[in-house]
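All remarks here apply to the structure that follows.
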Amino acid sequence: MNTPSSLTLRRPDDWHVHLRDGAMLAAVIAATARDFSRAIVMPNLKPPVTTAALAAAYRERIRALVPSDCDFTPLMTCYLTDTVDPADLRAGHADGVFTAAKLYPAGATTNSEAGVTELARIARVLETMEAIGMPLLVHGEVVDGAVDVFDREAVFIERVLAPLRGRHPALKIVLEHVTTREGVAFVREAAGPVGATITPHHLLINRNAMFAGGIRPHMYCLPVAKREIHRLALREAACSGDPRFFLGTDSAPHLRSLKEHDCGCAGVFNAPSALACYAQVFAEERALDRLEAFASLNGPAFYGLPPNERRVTLECCEDFATPDLPVDGEAVRVFRPAGALRWRVT
Ligand code: NCD
Ligand code: ZN
């Protein structure tokens, strides 16, 4: 297929995004609301969003900041803790406040201190979710300090995810921001409802990007970028048309001062460039005809929601500029590939 110079598709949704709160939320919301119709909003605020009441209040704060010319629906998630109340989760889901719940192994990533220490502690919660068809969104990394950082996803699949799949065969599970070929293989072959989100940055960089000429804090996120073989497996999965793989940016803004730091935060902010980055990857893979499935069809099908009716158009350009986003007298760096970014949303 020749690469077309423009492309119109159903509007995508972002099935994994960090919108934060307060001044950061105010600064970043427009970028997501402009390009995506819906987004699964991560609950790792400080304090985390652990009840339906907290989620409803957070949803109001988001809605109040969506630009008036954007048609955008935030879909809320519950941050699972050892003590989360299954009745509140069930009621929140029935009321349409909670779309899904997020499992952070305690200590795995940014603001995950309150996460689950042992899956056995939330067995009743998982049974409830399985019964009501509420998806479990998983940060798939073990927190065992004895396991190499680059192996934590593969070990999580073996030690935690595969047994979990066996115990709850009907539970909808999303392996969020999959980064390894082991993760891709698990998702492809697993029994029952399993999906995975794939980020633009994990499709565009491998771990060398963190060390290109010096330490590159803006290329650091969790799960950390892996070797090239893994990036290639992710590109193959995203572009394959397999309905189990769908778009989730994991856009995770942190101030530059907190990234360029002695102990820099994990997270890549890509909301302004995400759609352009995905288009670039699919164009490079000669798979632009499959971008709509990945970006706009597979996610809604997994979540049991209708695809969006509105359309978005992407077009080729010389180089899409990605200036820092000002926030509260500081700035957030926007993710972009090493070379030119040759697509933009019109
Ligand atoms: C995320 C964040 O900053 O909230 N960071 C990241 O590197 N992806 C948390 C997460 O999704 O793991
Ligand atoms: Zn995330």
Side-chain angles (χ1 to χ4, degrees), residues 13-22 24-25 27-29 31-32 36 39-50 58 62 74-80 99-116 135-143 149-150 152-153 156 160 174-180 183 195-205 207 209-210 216-226 234 246-261 263-271 274 277 299 325 327 332-335:
D13 305 298
D14 185 349
W15 299 99
H16 182 130
V17 69
H18 300 267
L19 295 178
R20 313 300 194 205
D21 212 344
M24 184 66 91
L25 170 61
V28 303
I29 183 66
T32 293
F36 300 96
I40 286 279
V41 180
M42 288 296 129
N44 61 334
L45 303 183
K46 276 182 181 169
V49 180
T50 51
Y58 182 32
I62 296 168
L75 303 175
M76 310 310 289
T77 57
C78 178
Y79 183 117
L80 296 178
T99 299
K102 178 71 189 276
L103 170 67
Y104 290 105
T109 186
T110 309
N111 300 344
S112 65
E113 299 77 15
V116 173
L136 176 72
L137 316 182
V138 177
H139 183 104
E141 289 191 289
V142 290
V143 292
V149 168
F150 293 93
R152 286 183 187 175
E153 182 174 291
F156 181 89
V160 183
V174 183
L175 177 56
E176 296 292 335
H177 39 53
V178 60
T179 62
T180 58
T197 51
I198 307 182
T199 77
H201 41 289
H202 289 107
L203 293 169
L204 283 161
I205 63 166
R207 64 190 193 175
M210 286 183 293
R216 300 287 185 173
H218 295 285
M219 297 295 166
Y220 172 60
C221 66
L222 287 170
V224 70
K226 309 294 194 299
L234 298 175
F246 41 87
L247 187 160
T249 64
D250 196 18
S251 182
H254 292 278
L255 294 174
R256 283 187 65 160
S257 59
L258 296 176
K259 293 284 292 174
E260 300 161 10
H261 191 271
C263 184
C265 295
V268 162
F269 175 59
N270 61 27
C277 288
L325 183 77
V327 182
V332 178
R333 168 98 0 136
V334 178
F335 175 77

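First listed ligand is number 1; within each ligand, the first listed atom is number 1.
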Test item: [X] side-chain N/O and [Y] main-chain N/O as donor-acceptor pair under 3.5 Å:
X: R20; Y: P253; value: yes
X: K259; Y: H218; value: no
X: T77; Y: V41; value: yes
X: K226; Y: V224; value: yes
X: E113; Y: A106; value: no
X: H202; Y: P223; value: yes

Give the numbers and elements of all ligand 1 atoms closer than 4.0 Å to a heavy atom of [X].
X: H16; value: 11 (O)
X: C221; value: 7 (O)
X: H139; value: 12 (O)

**OP:** Check whether the side chains of D250 and T199 place a donor and an acceptor atom closer than 3.5 Å, and report yes or no.
**Re:** no
Residue and atom name of the nearest protein heavy atom (relative to [atom]), distance in Å to one decimal:
atom: atom 5 (N) of ligand 1; result: A266 O, 3.1 Å
atom: atom 7 (O) of ligand 1; result: L222 N, 2.7 Å
atom: atom 10 (C) of ligand 1; result: T109 OG1, 3.4 Å
atom: atom 11 (O) of ligand 1; result: H18 NE2, 3.0 Å

Subject >> ligand 1 N/O within reach of D250 N/O, cut-off under 3.5 Å >> reply: yes
Original post:
Should G267 be counted as touching ligand 1, given the test is an N or O pair under 3.5 Å?
Top reply: yes
Counting only heavy atoms closer than 4.0 Å, does ligand 1 sit against the backbone of [X], its side chain, both, or neither?
X: E176; answer: neither
X: N111; answer: neither
X: H254; answer: side chain
X: R20; answer: side chain

Original post:
Any N/O/S of H16 under 2.8 Å from the Zn ion (ligand 2)?
Top reply: yes
Subject >> N/O/S atom of H139 inside 2.8 Å of the Zn ion (ligand 2), strictly under >> reply: no
Subject >> Lys NZ or Arg CZ of R333 over F269 ring: under 6.0 Å, within 45° >> reply: no
Original post:
Does V327 reach the side chain of M24, with side-chain heavy atoms less than 4.5 Å apart?
Top reply: yes
Original post:
Under 4.0 angstrom from ligand 1, any heavy atom of K102?
Top reply: no
Subject >> D250, N/O/S atom nearest the Zn ion (ligand 2) >> reply: OD1
**OP:** Please state whether the rings of Y104 and H139 are parallel, tilted or perpendicular, taking 30° and 60° as the class boundaries.
**Re:** tilted
